[in-house]
Amino acid sequence: MFKTIFKAGFKLTILIGFAICVALLASKLSRPYTYEQADNTKNKVDGFYALKDNTIDVLGIGTSHIYSALNPGILAYYTGLSSYDFAGQCQPMEITYTYLKEALKTQDIKLVILDIFALSDEASSCQVNGAYRANIQDLKASKEKLAAYKNIYDHNLLENFFDISLYSNRLADLDIPTMQKILTYNQDKYFGYTPVLPYSDIIWERPPFVASEATKPIERRWQAFVNIVNTCKENNIYLLVIKTPYYISQEDANIYRNVWDYCEDNDINYIDFNYLMDELNYQYELDGDLWHATVPGSYKITKYLAEFINNNYEIVASNNYQEEYKNIYTESLQMIFKTNKHYYRLREYMDYFDVSILIYDRDHWFSENQDYLVYRKGSVYPDRYLSFNNHNVEIKEDRSVYFDNEKVYEANNEFLMIIVDELSGNILDIVNVDNLIRE
Amino acid sequence: MVFSSIAFLLSFFMMAIIYYFSHMSFRKGLLVLFNTIFYLLMGIEGYIYLLLITLISYLIAKLKKVNLTYIFIIIILLFLAITKYFNNLNIIIPVGISFFTFKIISYLLDIRNNKYDHVNNFFDYYNYVFFFAQIMSGPIERCNNFIKGINNLDRQLTYEELRNGFIMFILGLFEKIIISARLSEVANNIFVNSHDLYGIYILLGIFLYGLQIYTDFDSYSNMAIGLAKMLGINTIRNFNVPYLAKNLSDFWKRWHISLSSWLKDYIYIPLGGNRKGTIRRYINVMIVSLASGIWHGNSANFVMWGALHGIGQIIANIFHINITNKIKVDNKLLKLIGRIIGIIITFIFVNICWLFFRLDFKEAIICLKHLFIFDNFRIDLAILNITYLEYIILWLLIILLFISDLFRYFTNGIDDFGKLPFVVRWIVYFSIVFLFVFLFPYGGNYVTDFIYSNF
């Protein structure tokens with residue numbers, strides 16, 4: 001009987017081996033060479049694989065906290081560095097470690113920015129099977145991916161180990177126009193960043209908190225964090241550990257205190273933005289909701305990080321994807337201005353961002369003699385025309401707004417401010433000051 | 001626990017390892033253990049009921065109490081009828097109740113008719129009733145065949161048995177997961193919208209559903225036979241390429257063979273079969289056909305389905321006696337053409353009858369009316385809710401099914417496959433693995449329960 005079983009087992013092994021080979025091959029073939037616009041609320045994996053090899057300098061890893069706070073467009077604007085938010089919603093720290101290893105296969109990373117929300121108590125509530133599935137399933141089949149499954153409770157998720165089970169749906173939907181479209185190179189437009197818009201105009205105070213003692217996180221999470229630290233050391237990559245601002249609990253503050261101590265002991269830079277909110281003038285709900293930074297908040301955080309990077313690390317920028325990053329920058333500024341409804345915020349933004357403002361000063365607030373003005377960083381001079389990056393913006397005699405000599409706004413005798421991005425030369429917003437909230 | 005589930009496959013794999021490496025004399029005992037665990041996993045209440053009627057039927061047969069035999073058969077048939085037809089009574093329905101009830105009845109009547117001796121060892125009989133590979137959807141094995149099989153377990157299992165059993169199982173799995181699941185998806189999409197569809201769509205729906213129900217049930221039977229074979233037990237074949245039957249009588253000798261022969265042995269023949277004249281014969285055919293319909297369900301559509309098959313068999317028989325028998329054809333080609341025409345007519349008739357199996361009576365009638373309204377011959381894939389690629393794959397699989405049926409029609413199936421040259425066999429193995437890997441993700445989402453597990 002043993003001989004029979006051995007013979008059957010041997011042949012079965014050959015067939016299973018063949019099946020695995022076919023599955024791997026099929027996975028390779030079925031994974032699209034180009035990627036449609038990634039689902040920017042969750043999936044950052046497809047966009048990452050669409051990057052060309054060795055084109056990214058800075059990698060943001062962690063949970064949704066990092067991908068809503070680290071804005072690659074802003075970072076590139078202030079540092080010239082190319083970055084990508086390779087993170088996932090409610091991503092457990094063990095999987096963050098997997099992501100880092102996956103990233104190192106194709107990218108020559110110089111700096112890793114790690115958000116440590118996954119170490120917190122609050123993270124436990126969302127680290128459910130669905131989060132594991134979403135964070136693992138899109139990764140390419142590899143031993144790292146297999147290792148990531150170790151922490152999953154629902155082993156049915158293993159069915160997504162081979163890419164074919166995931167990408168087959170895309171292939172099944174293929175028709176001729178889609179096949180033609182797939183030849184077009186598409187990547188994650190925001191480089192993993194998810195722009196979160198402010199939900200409301202309310203401004204509220206966060207209660208104070210004190211990190212009374214250092215509490216160690218759950219062991220396996222901590223081990224994964226240490227693994228990330230070690231991996232960065234082994235690969236000579238700078239590591240910057242951060243915690244973005246959110247409605248932090250006392251327990252979480254204690255856990256972050258522990259991280260802080262560890263970083264100090266190991267000569268790793270650590271920035272907890274929860275302690276920098278006054279310095280950044282970071283306000284709920286405008287700059288962040290309970291959990292995530294909004295676009296204005298991400299600007300403040302990323303700008304702070306950019307200055308920190310410029311002052312503390314010597315990184316030679318690879319200057320890749322500069323056009324794409326410029327677009328993210330401009331689009332971010334557009335979102336910031338267009339979603340703003342407060343007059344005092346507008347005044348703050350006017351000085352904070354690199355923008356010039358063309359003003360029709362109906363009420364003569366800025367100058368008694370001039371109807372048309374340009375404002376830039378506290379200075380005012382009379383003009384009705386602005387030009388940046390081969391684009392021009394003008395308020396003509398009829399008080400209508402023209403962009404590249406085409407009318408884009410019909411005048412209505414309003415107190416108008418036309419916010420112009422100095423980088424792209426585009427109009428970011430046309431503000432009717434009469435409509436702003438003044439309190 | 002369906003055979004295609006990961007839980008079952010892993011359990012069976014572990015069970016088989018223990019089975020193979022245990023001493024031969026322990027195998028029957030292990031089988032008792034496996035069968036018990038398998039059924040217990042599906043509910044303790046059902047297990048108690050089945051254990052009880054197994055014990056009683058064993059004692060009745062052993063004591064040869066004729067009156068008790070009939071009373072007991074009536075009781076279990078009544079319970080079967082209550083569970084099948086009075087769902088609102090909230091009774092827990094034991095899994096596979098139809099199949100094990102028929103098994104027990106066949107055993108009691110065979111003992112009553114002295115066809116063979118009662119089973120001495122209760123656990124042998126227990127294994128017969130509880131056999132995990134057959135309990136959910138048959139085949140309805142006869143007791144003497146099964147006992148012959150398990151009495152032959154104290155021997156070395158051959159490599160050919162393992163190999164053939166495994167291939168049967170894998171082919172069954174392929175038929176279910178890859179072929180039947182896809183057919184089911186498209187056929188469902190058509191029948192869900194059957195009120196708004198006409199002509200070519202209804203025709204396609206009927207054709208695909210006919211193939212779906214065949215592949216669904218055939219796949220289950222193949223898996224059951226394969227599993228039993230891997231444990232060294234030979235069970236009966238339940239399907240024998242039914243869609244290549246030359247007439248309706250031939251169809252019923254090839255479709256759900258174990259049920260057809262059960263109906264024949266325990267209803268048709270006791271009623272007089274064809275021994276009491278033509279009219280009585282036709283009445284018996286109608287009774288058996290209606291019984292078959294009612295066994296599937298007590299609603300009008302199942303009665304109609306049974307009645308149509310009864311009427312069809314009678315008409316075919318009249319045609320055969322009065323026309324076919326009187327035409328003497330020596331030419332082989334003409335004979336072949338006649339046979340092919342017979343196959344086509346039978347196929348069309350059987351498939352149209354399936355409408356009453358798939359839909360309730362009113363909807364089936366509407367579909368039948370719509371079938372004959374052809375406004376165009378073009379299929380719009382958006383209506384079928386599938387892509388062009390899926391549609392192509394569907395037809396390629398149908399062609400594959402046809403080729404496999406032709407092989408089974410002209411050969412002795414798996415036994416002849418084993419005699420093919422090494423290279424040919426391995427090409428087939430690799431092809432199956434290849435198709436599984438490539439096609440499973442496209443059809444995996446469509447896999448549904450086995451249709452016959454509802455009966």
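Reckoned from all heavy atoms, side chains included, excluding hydrogens, waters and symmetry mates. Each chain gets a letter, A, B and so on, in the order the sequences are listed, and its residues count up from 1.
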> Would you say A:Phe6 has more than 12 foreign heavy atoms packed within less than 6.0 Å of its CZ?
Replying inline: no
>> So for A:Leu12, is it side chain, backbone, both, or neither that comes closer than 4.5 Å to the heavy atoms of chain B?
In response: side chain
>> With a 4.5 angstrom heavy-atom cut-off, is it the side chain or the backbone of B:Phe21 that approaches chain A, or both, or neither?
In response: side chain
>> Counting neighbours of NZ on A:Lys105 that are heavy atoms of other residues, nucleotides or ligands and sit closer than 6.0 Å, is the number greater than 12?
In response: yes
> Taking all non-hydrogen atoms of both residues, which atom of A:Phe18 and which atom of B:Phe434 are closest, and how far apart?
Replying inline: CE2-N, 4.2 Å
> Applying a criterion of heavy atom separation less than 4.5 Å, what residues of residues 156-171 of chain B form contacts with chain A?
Replying inline: B:Gln156, B:Leu157, B:Thr158, B:Tyr159, B:Leu162, B:Phe166
> With respect to chain B, which residue among A:Ile14, A:Ile5, A:Ile16 yields the maximal number of heavy-atom pairs within a distance under 4.5 Å?
Replying inline: A:Ile5
>> Tell me whether B:Tyr391 at atom OH has more than 12 heavy atoms from other residues, nucleotides or ligands lying less than 6.0 Å away.
In response: yes
